[in-house]
Amino acid sequence: MMRTREAGSLRPGDVGSTVVLAGWVARRRDHGGVAFVDVRDASGVAQVVVRDEEVARPLRSEYCLRVVGEVAARPAGNANPNLETGEVEVIASTVEVLSESAPLPFPIEEHSATPVGEEVRLKYRYLDLRRPDMARNLRLRADVTRIIRSVMAEQRFLDIETPYLTRSTPEGARDFLVPVRLQPGSWYALPQSPQLFKQLLMVAGLERYFQIARCFRDEDFRADRQPEFSQLDIEMSFCDSGDVQGIIEVLLERLWRELLGYSVPLPIPRLTYAEAMRRFGIDRPDLRFGCELVDFTEYFADTPFRIFRAPAGSTGEGPADFHVGAVVMPGGASQARKELDAWQDWARSRGARGLAYVLVDADGELGGPVAKNLSEAERAGLAAHAGAQSGDCIFFAAGKRSDALGLLAAARVEVGERCGLIDHEAWEFVWVVDAPMFDPVETPDGTPAWTAIHHPFTAPVDDMAADFHSRPGEALSKAYDIVLNGSEIGGGSIRIHRSEMQQRVFDVIGLSRDEATSQFGFLLDAFAYGPPPHGGIALGIDRLCALLAGTDSIRDVIAFPKTASGGDPLTGAPSPITAAQRAETGVDARPNHSSPASS
RNA sequence: GGCCCCGUAGCGCAGUUGGUUAGCGCGUCGCCCUGUCACGGCGAAGGCCGCGGGUUCGAGUCCCGUCGGGGUCGCCA
């Protein structure tokens with residue numbers, strides 16, 4: 001039996017040879033007593049010439065075929081550049097219909113210019129995945145995981161599986177819960193990440209662990225967020241931040257080189273969190289374009305314009321938390337009033353009161369409603385301080401520092417897109433390092449309180465190791481995020497491995513010994529037995545694949561994704577359960593005993 | 001939980017100030033053409049205008065509610 005060839009693999013060198021093709025009828029045309037049948041498989045399309053009218057007649061789109069035939073050169077001028085194989089065709093000697101197809105619910109052909117609604121695509125996902133673009137995406141994803149496993153093996157990492165039925169731990173997101181028939185009233189949780197298990201593996205002395213792990217978080221959806229997602233999870237012992245980053249750099253370089261032929265310049269640049277916030281207003285900056293933010297807080301310290309002045313004597317938030325910043329839109333002064341108003345709507349849709357702006361006209365004179373509220377001196381130096389040229393528009397945001405920076409960061413990206421400043425061919429990787437350890441929490445009585453930004457096992461930077469607990473607002477952590485074109489594709493940290501230091505973190509975030517024991521007792525127990533210094537990282541596989549595939553939605557790189565409401569139109573999940581299932585799984589039962597985390 | 005956009009034939013869409021029989025393209029089915037390749041020509045079938053209520057002489061169109069899809073803020077340590 002001849003081996004079946006892939007339709008997309010036929011080349012002029014195959015002319016004269018006999019091949020077997022298996023695939024689906026993408027299209028049929030009849031001419032001159034023969035049928036021209038485009039046969040498609042996951043690798044591409046080949047044109048098959050069927051001369052036997054009796055055989056050709058019943059062929060319809062998406063019939064599944066096996067064709068045996070001879071490869072022939074196409075007549076001159078008949079090659080179709082739209083097909084992946086434009087130079088050869090297969091003259092069929094036998095055509096076997098393996099199965100027939102009902103009329104299609106939506107067009108599958110690649111060149112169908114009109115997009116198809118996502119719901120109908122998901123309902124018939126098995127047809128959607130026949131589309132060449134989708135097949136290409138899934139092939140790409142398989143290549144990604146193949147390369148990951150290859151690189152991790154070369155780097156001597158062990159692929160170790162961790163439980164999917166595990167204990168609910170108070171991590172950031174809501175857990176998906178699973179009732180336990182054997183213990184009515186008690187529940188497993190699906191892991192939000194293998195974080196605690198991989199640290200236990202370090203205590204176990206495995207030294208280098210990785211896993212392509214499914215993670216589960218019961219939170220609302222986004223274009224780049226699903227309730228279950230895949231991450232490359234890595235942990236290693238006796239390492240520092242640079243060791244972990246180095247592994248990831250090797251991996252990213254290999255992925256981009258093998259899949260896109262792009263050479264990632266190494267090492268990937270480092271940016272501190274503080275610098276990222278100062279220059280871009282966000283901890284995942286898009287470095288494909290400039291338009292960096294400008295700080296105007298000092299500049300307007302004594303301004304007569306109330307909006308740009310820190311609220312005096314307000315309780316709770318001190319002036320230190322007040323920020324005025326700006327971003328310049330090149331050529332933005334020529335925007336019509338309607339466009340400038342549209343920016344206000346844009347800002348309000350993001351929860352801001354508006355977006356102040358100053359226009360710099362051709363003579364360098366300032367225009368717009370804000371300008372007349374400023375002092376003579378402020379107007380004189382404004383454009384220069386912002387770095388604005390004649391014809392530019394300067395957008396301002398003022399208020400609580402995190403709010404103002406958040407609005408400016410979004411405005412910067414919007415400016416980049418509207419002004420065409422973003423090079424969509426570019427790949428700008430950056431490590432964002434030295435994130436703060438703690439975030440202030442607003443408490444009803446105004447007493448200072450703190451929460452861990454990353455997770456409570458993240459180690460402080462070396463020169464703060466001794467006293468971070470006495471100045472939590474300044475404490476920086478050994479955390480690192482890998483950012484690509486404004487998307488966070490991974491993040492990790494060096495962990496705390498000494499109980500004394502761990503206790504100081506718990507003290508800062510107000511976690512009592514009892515609470516810590518009940519929440520992570522099993523991890524703290526393990527850390528009593530000589531845990532090695534260790535650290536790790538996790539990369540979001542779905543986002544990574546979406547970026548490599550050039551799509552905005554991770555649904556395009558997931559075979560069977562869910563809709564925004566968490567449903568799957570194909571299977572109908574989630575669905576109600578029967579009364580018998582309720583009784584058997586004990587979902588309504590109360591726990592009949594308590595199960596402490598630690599002995 | 002908030003906000004924005006979209007639900008009209010299998011698919012993609014149009015439908016004007018509320019007005020008679022709701023259109024277009026693709027697809028499907030039939031016939032014709034016959035080295036075509038997003039072929040071409042002629043014809044036909046195909047509609048609970050998401051659902052429920054309201055306003056009106058009259059609703060695809062206006063109002064309220066609801067369901068579904070997409071986006072976004074909150075959320076996602």
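These numbers were taken from a predicted model, which means no experiment stands behind them. Reminder, nothing fancy here: chain letters follow the sequence lines and each chain counts from 1.
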Counting only side-chain N and O atoms of A:R225, is one of them less than 4.0 Å from OP1 or OP2 of B:C76?
no
Taken in chain and number order and not counting sequence neighbours, the residues that satisfy salt bridge (Lys or Arg N to Asp or Glu O under 4.0 Å) with A:D41 are none
Inset, instruction - Determine the interatomic distance between P on B:G23 and the same-named atom on B:G47; round to the nearest Å. - result: 14 Å
Would you call the rings of A:W431 and A:Y480 parallel, tilted or perpendicular, where under 30° means parallel and over 60° means perpendicular?
-> perpendicular
Hits for salt bridge (Lys or Arg N to Asp or Glu O under 4.0 Å) against A:D345, two or more places apart or cross-chain, chain-then-number order -> A:R348
Side-chain donor-acceptor pairs under 3.5 Å in residues 533-545 of chain A, sequence neighbours left out?
| residue | atom | partner | partner atom | Å |
| --- | --- | --- | --- | --- |
| A:H534 | ND1 | A:P532 | O | 2.8 |
| A:H534 | NE2 | A:Q199 | NE2 | 3.0 |
| A:D542 | OD1 | A:R141 | NH1 | 2.9 |
| A:D542 | OD1 | A:R141 | NH2 | 3.0 |
| A:D542 | OD2 | A:S230 | N | 2.8 |
| A:R543 | NH1 | A:E488 | O | 3.2 |

Between A:F36 and A:R217, whichever has its closest RNA chain B nucleotide further toward 5' is A:F36
Contacts of A:A35 meeting side-chain contact (heavy atoms from CB on, under 4.5 Å) (sequence neighbours excluded), chain-then-number -> A:R28, A:D30, A:V37, A:V50, A:A56
Here the distance between atom P of B:G35 and atom NE2 of A:H31, to the nearest Å, is 7 Å
Sorted by position of nearest nucleotide on RNA chain B, 5' first, the leading residue of A:G351 and A:G33 is A:G33
* Asked: Is any side-chain N or O of A:R27 closer than 4.0 Å to OP1 or OP2 of B:C39?
  -> yes
- Message: Considering every strand and a 4.0 Å limit on heavy-atom distances, what is the contact class for A:E89: base, sugar-phosphate, or nothing?
- Response: base
The Watson-Crick or G-U wobble partner of B:A44, with both key distances under 3.5 Å, is B:U28
Nucleotide by nucleotide, nucleotides 65-72 of chain B touches protein heavy atoms under 4.0 Å in the pattern (B base, S sugar-phosphate only, - none) ---SSSSS
Sorted by chain and residue number, the side-chain hydrogen bond (donor to acceptor under 3.5 Å, both in side chains) partners of A:S99 (sequence neighbours excluded) come out as none
| message | Using a 4.0 Å heavy-atom cut-off, does A:R60 contact any base of the nucleic acid, only the sugar-phosphate backbone, or nothing at all? | response | sugar-phosphate
